[in-house]
Amino acid sequence: MGFSSPPDPKQFQTFVWKIVSKISPGKVTTYCQIAGMIPPPGNLNLKEYDAFAARWVGMAMAHCPDDLPWQRVINSQGKISARPGANRQRELLEEEGILFDDKGRINLEIYGWDGPDEEWCAEHSLLKSRSLSRQRKLF
DNA sequence: CGCTTGACCGGAA
DNA sequence: ATTCCGGCCAAGC
């Protein structure tokens, strides 16, 4: 049961980067949360989309321009994902005043980003927020 | 072309 | 609490 027609990677990447550019200083968001703001392509149902969208966000972040606050994207466990430059990512977040617990986790209740305002979302054809059907319950 | 690897997630064990 | 595993995509080599 694959995807009869995967989303246009370029368009998806553009959505991801646009959202990342709006993340507030001192806050973080997750791959999941970003995926939930992007409307699933019409040929995919929600379940199909949710199963892979977070990974697509990760792939888009691999090519993220340096002038965006890429360090503010972490995984759904509240941790920095294994990736080249992970140490630098933690440094940047600590410089923004974000605290990590002894297991390297960020408390999303405190530092989680609320997303862009609704007006901006509407202008850019994005959803304010949607919990993925596979979203993990945190804390 | 065919393989291999991967900035993920959630459920099962 | 932790580790393991299926998902079966997309990019890179």
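What you see is a predicted model; the values in this text were computed from it and never measured. Letters go in sequence order (proteins before strands), and every chain restarts at 1.
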Response to the item:
A/M59 CE to B/dA7 P, in whole Å, measures 10 Å

Worksheet item: In whole angstrom, what separates A/L68's CG from B/dA7's P?
Response: 18 Å

Practice prompt. Ignoring backbone atoms, establish whether A/S76 has a side-chain N or O less than 4.0 Å from OP1 or OP2 of B/dC9.
Written response: yes

Discussion item. B/dC8, OP1 or OP2 - any side-chain N/O from A/S81 closer than 4.0 Å?
Written reply: yes

Fill in: NZ/NE/NH1/NH2 to OD/OE distance under 4.0 Å, A/K27 and A/E96
no

Item to complete: Would you kindly say whether A/E91 and A/Q71 are connected by a side-chain donor-acceptor distance under 3.5 Å?
Response: no

Worksheet entry | Over 12 non-hydrogen atoms of neighbours within 6.0 angstrom of CG in A/D101 | yes

Fill in: Between B/dA7 (C1') and A/F52 (CZ): distance, integer Å
17 Å

Discussion item. At 4.0 Å (heavy atoms only), tell me whether A/A82 reaches a base, stays on the sugar-phosphate, or touches nothing.
Written reply: sugar-phosphate

Fill in: Length of the CD1-P vector between A/I34 and B/dC9, whole Å
10 Å

Fill in: A/H63 side-chain N/O to C/dA10 phosphate OP1/OP2 under 4.0 Å
no

Item to complete: Measure the distance from NZ on A/K79 to C1' on B/dC9 and round it to the nearest whole Å.
Response: 14 Å

Practice prompt. To the nearest Å, give me how far apart CZ (A/F12) and P (C/dC9) are.
Written response: 15 Å

Worksheet, complete the sentence: The residue, A/R55 or A/K103, whose nearest nucleotide of DNA chain C is more 5′ is A/K103

Worksheet item: To the nearest Å, how far apart are A/L92 CG and B/dA7 P?
Response: 18 Å

Worksheet, complete the sentence: Atom CD of A/Q33 and atom C1' of B/dC9 are separated, to the nearest Å, by 15 Å

Discussion item. Do A/W113 and A/K22 have side chains that approach each other closer than 4.5 Å (heavy atoms only, starting at C-beta)?
Written reply: yes

